[in-house]
Amino acid sequence: MPELPEVEVIRLGLVPRVQGRRLLGVTVGEKRLRQQSETMALQKWLPGRAILEIERRGKYLLFHLEGGVSLLIHLGMTGRLLLLPEPAPALLPVHLIFHLEGGLDLAFQDVRRFGQALVFPPGVEPAPLAQVGREPFSRQVTPQWLATQARGRSRPIKNFLMDGRILAGIGNIYASEILFAARLHPGTPVGRLTLADWTRVLKETRRILKAAIAKGGTTVSDYLNSQGETGLFQLELLVYGRDQEPCRCCGQTVARMAQGGRSTFFCPKCQQEK
DNA sequence: CACCCCACCTGCGTGC
DNA sequence: TGCACGCAGGTGGGGT
């Protein structure tokens with residue numbers, strides 16, 4: 001579910017309510033997430049430590065705790081981080097509950113269990129973050145840099161945009177939207193894009209991600225922010241999920257195709273192969 | 001390397 | 001109504 005905007009909206013909701021508070025304890029649910037630290041490790045490193053800072057890297061949330069400990073959270077496809085007044089009402093199965101100072105529970109709930117919750121002792125760099133590419137809003141990302149990354153490569157631009165080791169945080173929904181806005185066919189081999197194309201791709205990436213954050217993210221089925229609210233950006237999607245409907249720009253029927261096992265939505269007229 | 005495909009999970013909508 | 005199938009915002013491991 002959550003791509004960069006959704007994770008950022010969750011972060012923005014947590015910062016004023018959670019940052020500075022102490023973690024009192026952790027309750028571990030029955031079923032483990034695909035990547036979850038051993039209960040012993042969670043119990044050893046988390047209780048008693050204040051949350052100093054909450055950082056986002058790509059689709060990961062990194063909680064910096066007192067004493068150099070860090071807690072890495074990834075929401076996978078269906079993960080939610082819900083802030084609840086204690087005692088947490090009996091929701092659907094919850095995988096982890098972080099009990100916070102001041103009568104708050106932070107519940108991690110994830111039906112499909114593709115999520116991650118990993119603790120790292122002081123001085124240990126969270127391994128998954130080594131794979132995370134550059135932030136789309138970073139000054140380190142320029143059209144020239146993107147062109148360099150793409151040079152000599154043949155993979156489709158859609159797959160390139162979704163490769164989190166290059167640009168972090170873009171998933172299946174926003175990749176389709178970005179390519180529609182940039183008027184590029186999703187199958188275009190990246191090595192074939194011009195600097196002008198990359199300039200457009202970057203501009204549209206930033207514009208769309210920013211707008212999605214401002215609208216509270218996109219809810220297509222499961223996504224809720226930390227307050228349990230849906231996003232609103234689904235109302236502004238121009239191609240994603242609009243298979244067989246008229247293009248908002250030209251009226252042509254929006255098409256769907258499979259790329260890397262995922263659905264891509266695009267307008268065959270607005271986004272022609274070059 | 002670069003690239004592709006599949007596994008990992010559960011739930012929901014569709015069509016027979 | 002019941003069941004099989006396809007599909008869903010993720011990453012990463014293994015094969016070509």
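Residue numbers begin at 1 in each chain, while the letters A, B, ... track the order of the sequences. Heavy-atom basis, side chains included; hydrogens, waters and symmetry copies ignored. Predicted model, so just to flag it, every value in this text is computed and none were measured.
For the pair A:Q234 (side chain) and A:T219 (backbone), a donor-acceptor distance under 3.5 Å is present.
Figure legend. B:dC9 is base-paired to no nucleotide; pairs are counted as Watson-Crick or G-U wobble with both atom distances under 3.5 Å. With a cut-off of 3.5 Å on both Watson-Crick or G-U wobble distances, the partner of B:dC1 is given as none.
The side-chain contact (heavy atoms from CB on, under 4.5 Å) with A:L83 is formed by just one residue from the set A:L104, A:I10, A:D105, A:N225; it is A:L104. Of the candidates A:Y223, A:Y174, A:Y240, A:Y174 is the only one forming a side chain to side chain donor-acceptor pair (under 3.5 Å) with A:T218. When each of A:T142, A:T148, A:I157 is checked for a side-chain contact (heavy atoms from CB on, under 4.5 Å) with A:W198, only A:I157 meets the rule.
Judged by ring centres under 5.5 Å apart and planes tilted less than 30 degrees, A:F114 stacks against the six-membered base ring of B:dC8.
OP1 and OP2 of B:dC9 both lie 4.0 Å or more from every side-chain N or O belonging to A:K31. For the OP1/OP2 pair of C:dC7 and a distance below 4.0 Å, the side-chain nitrogens and oxygens of A:R262 include no atom meeting the criterion. One finds a side-chain N or O of A:S263 lying less than 4.0 angstrom from the OP1 or OP2 phosphate oxygen of C:dA8.
DNA chain B lies under 4.0 Å from at least one heavy atom of each of the following residues of residues 146-161 of chain A: A:R153, A:S154, A:R155, A:N159.
Taking 3.5 Å as the limit, the base of B:dC9 and the side chain of A:R113 contain no donor-acceptor pair of atoms between them. Residue side chain A:R112 reaches the base of C:dA8 through a donor-acceptor N/O pair under 3.5 Å, judged by distance alone.
Scanning all heavy atoms of the two residues, the minimum distance from A:D110 to A:G79 falls at OD1-N, 3.5 Å.
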Check the interface with nucleotides 12-15 of chain C: list each N/O to N/O pair with the protein under 3.5 Å, or write none.
none

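A:G261 comes within 4.0 angstrom of nothing in the nucleic acid, heavy atoms only. Among the protein residues, A:Y174 comes within range of no part of the nucleic acid, since none of its heavy atoms lies under 4.0 Å from any strand.
At a threshold of 4.5 Å between non-hydrogen side-chain atoms, the residues A:K210 and A:I213 do not count as touching. Counting heavy atoms from C-beta on, the side chains of A:L33 and A:Q116 never come closer than 4.5 Å.
For A:R165, the CZ atom sits in a loose shell: 12 or fewer heavy atoms of surrounding residues, nucleotides or ligands are nearer than 6.0 Å.
Look at the P atom in both B:dC9 and C:dG14: the space between them is 16 Å, to the nearest Å.
Between atom NZ of residue A:K158 and atom CE of residue A:M257 there is a gap of 7.5 Å, rounded to the nearest 0.5 Å.
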